Number of protein chains: 2
Amino acid sequence: MTSAPEPAPEPDERLSLVFSALADPTRRDIVARLTAGDATVNELAEPYDVSVQAVSKHIRVLEDAGLVSRSRDAQRRPCHLEAEVFDLMTKWIERYRRAAEDRYRRLDAVLERMDAQDGPPVPTPRTTKEAEAS
Amino acid sequence: MTSAPEPAPEPDERLSLVFSALADPTRRDIVARLTAGDATVNELAEPYDVSVQAVSKHIRVLEDAGLVSRSRDAQRRPCHLEAEVFDLMTKWIERYRRAAEDRYRRLDAVLERMDAQDGPPVPTPRTTKEAEAS
DNA sequence: CGATTGGTCAACCGATCGGTTGAATTACCT
DNA sequence: AGGTAATTCAACCGATCGGTTGACCAATCG
């Protein structure tokens with residue numbers, strides 16, 4: 001009972017966990033430091049002026065988000081940065097960055113056409129309502 | 001007093017705001033829908049079964065994070081998705097994704113060397129403690 | 001003008017968060 | 001076996017979060 005088999009969260013909740021985990025500056029700093037190599041809880045806790053328990057909790061959050069994994073080394077539990085998750089984030093972000101770019105391009109095209117002819121009276125970009133109707 | 005000039009948050013806090021804003025699935029959904037075009041608060045609130053005030057708050061959070069901007073159109077306040085912020089996130093993520101990759105490459109090199117000679121007795125990756133000493 | 005539409009402000013509520021302290025657990029070391 | 005180092009568990013605390021309801025602007029329409 002001590003180790004539940006982790007019911008494998010669906011990707012949307014996974015994203016929530018990852019973003020939420022990285023919303024805390026201390027947690028981001030821990031991630032940054034782990035890029036230099038694996039580290040134990042005590043090593044990670046040393047630079048901050050909070051209790052070791054607090055850092056342990058932070059690591060737990062990162063672990064639940066899939067950002068770090070841990071192995072066993074005697075009584076130590078070294079933390080290891082998982083790279084895979086960054087791909088997940090990059091994919092999510094890239095999708096919307098690209099969409100925004102496309103929107104810019106479309107707007108540019110409209111402006112160009114407006115410039116070529118005289119002024120059509122609808123310069124406002126389409127709302128989602130209008131988009132649904134198409 | 002009603003409109004403070006926004007003291008321009010430093011990049012680290014900015015990252016906290018962005019990640020925190022995107023940690024909520026409703027907010028991510030709003031962002032997704034805004035890629036199809038600008039939309040008003042009421043339009044954005046319509047699909048969800050929460051109050052308009054709640055959605056208004058969500059939009060406020062996205063705005064504070066710099067993810068959306070708003071203009072005026074009569075009594076309407078159309079929301080517009082800001083693309084710039086995604087670059088900030090991508091830059092942050094890419095940095096650590098790359099670092100993780102480098103770490104893999106270094107490990108591969110070590111393993112190769114171990115394979116060429118007989119076995120050097122230190123297969124464990126360096127800890128941050130050790131990294132500091134170098 | 002008064003009524004209505006679009007949106008926000010204010011106060012409140014239960015849940016979660018980041019932090020604490022104290023006790024328990026686990027594995028090593030004489 | 002006893003001691004101690006590394007980590008986690010448990011209970012608690014104040015602050016913030018996501019949500020509600022009700023009142024309050026602000027701008028348009030009759």
Side-chain angles (χ1 to χ4, degrees), chain A residues 1-4 9 12-13 16-31 34 38-65 67-80 124 127-129, chain B residues 1-4 9 12-13 16-31 34 38-65 67-80 124 127-129:
Chain A
M1 290 292 178
T2 53
S3 67
D12 193 57
E13 181 170 346
S16 292
L17 289 174
V18 172
F19 280 131
S20 176
L22 293 178
D24 185 280
T26 301
R27 247 130 45 190
R28 280 200 306 278
D29 195 55
I30 290 177
V31 166
L34 282 178
D38 298 7
T40 71
V41 176
N42 272 321
E43 287 171 351
L44 288 173
E46 195 252 326
Y48 314 112
D49 62 346
V50 299
S51 67
V52 183
Q53 290 95 318
V55 176
S56 182
K57 280 190 186 179
H58 278 308
I59 294 174
R60 184 63 146 68
V61 173
L62 291 170
E63 195 178 12
D64 288 346
L67 278 159
V68 316
S69 61
R70 325 171 75 164
S71 44
R72 281 238 115 182
D73 170 26
Q75 65 269 71
R76 263 151 258 132
R77 313 286 313 278
C79 301
H80 175 82
T124 56
T127 66
T128 50
K129 265 272 153 52
Chain B
M1 291 288 180
T2 53
S3 68
D12 193 57
E13 181 171 346
S16 292
L17 289 175
V18 172
F19 280 130
S20 176
L22 293 178
D24 185 278
T26 300
R27 246 128 49 189
R28 279 201 306 279
D29 195 56
I30 289 177
V31 166
L34 281 179
D38 298 7
T40 70
V41 176
N42 274 318
E43 286 171 353
L44 288 173
E46 196 254 325
Y48 314 113
D49 61 347
V50 299
S51 66
V52 182
Q53 288 96 319
V55 175
S56 182
K57 278 192 188 179
H58 278 309
I59 295 174
R60 185 62 146 68
V61 172
L62 291 170
E63 194 177 13
D64 288 346
L67 278 158
V68 315
S69 62
R70 326 170 75 164
S71 45
R72 280 238 115 180
D73 170 27
Q75 65 269 71
R76 260 150 260 132
R77 313 287 312 278
C79 301
H80 175 83
T124 58
T127 67
T128 50
K129 265 271 151 54

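Because the structure is predicted, anything quoted here is derived from the model rather than measured. Each chain gets a letter, A, B and so on, in the order its sequence line appears, and its residues count up from 1.
At a threshold of 4.5 Å between non-hydrogen side-chain atoms, the residues Phe19(A) and Val18(B) do not count as touching. Residues Arg28(B) and Asp12(A) form a side-chain contact, since some pair of their non-hydrogen atoms from C-beta on lies under 4.5 Å apart.
Remark: the backbone N or O of Arg76(A) is not paired with any side-chain donor or acceptor of Asp73(A) at under 3.5 angstrom.
Between Ser51(A) and Arg72(A), the residue anchored nearer the 5' end of DNA chain C, judged by the nucleotide with its closest heavy atom, is Ser51(A). Comparing Val52(A) and Arg76(A) by the nucleotide of DNA chain C whose heavy atom lies nearest to each, the residue mapping closer to the 5' end is Val52(A).
Rounded to whole angstrom, the span from the CZ atom of Arg70(A) across to the P atom of dT26(C) amounts to 15 Å. Atom-to-atom, CG of Asn42(B) to P of dA26(D) comes out at 18 Å; the value is rounded to the nearest Å. Distance CD (Gln53(B)) to P (dT5(C)): 16 Å, rounded to an integer number of Å. Ile59(A) has its CD1 atom 15 Å from the C1' atom of dG19(C), to the nearest Å. Atom CG in Leu44(B) sits roughly 11 Å away from atom P in dT8(C) (whole-Å rounding). Remark: C1' of dT8(D) and CZ of Arg77(A) are 9 Å apart, rounded to the nearest angstrom. Rounded to a whole Å, the CD atom of Glu43(A) is 11 Å from the C1' atom of dA6(D). Summarising the geometry, the separation between NE2 on His58(A) and P on dG18(C) is reported as 6 Å, rounded to the nearest angstrom.
Using a 4.0 Å cut-off on heavy atoms, none of the residues of residues 21-29 of chain A approach DNA chain D.
Interatomic distance, Ile30(B) CD1 to Leu22(B) CG, rounded to the nearest 0.5 Å: 11.0 Å. For the atom pair Arg70(A) CZ and Leu62(A) CG, the distance stands at 9.5 Å (nearest 0.5 Å).
The side-chain hydrogen bond (donor to acceptor under 3.5 Å, both in side chains) search around Asn42(B) returns none, not counting sequence neighbours.
Of all nucleotides listed (dT8(D), dT28(D), dG19(D)), dT28(D) comes nearest to the side chain of Gln75(B).
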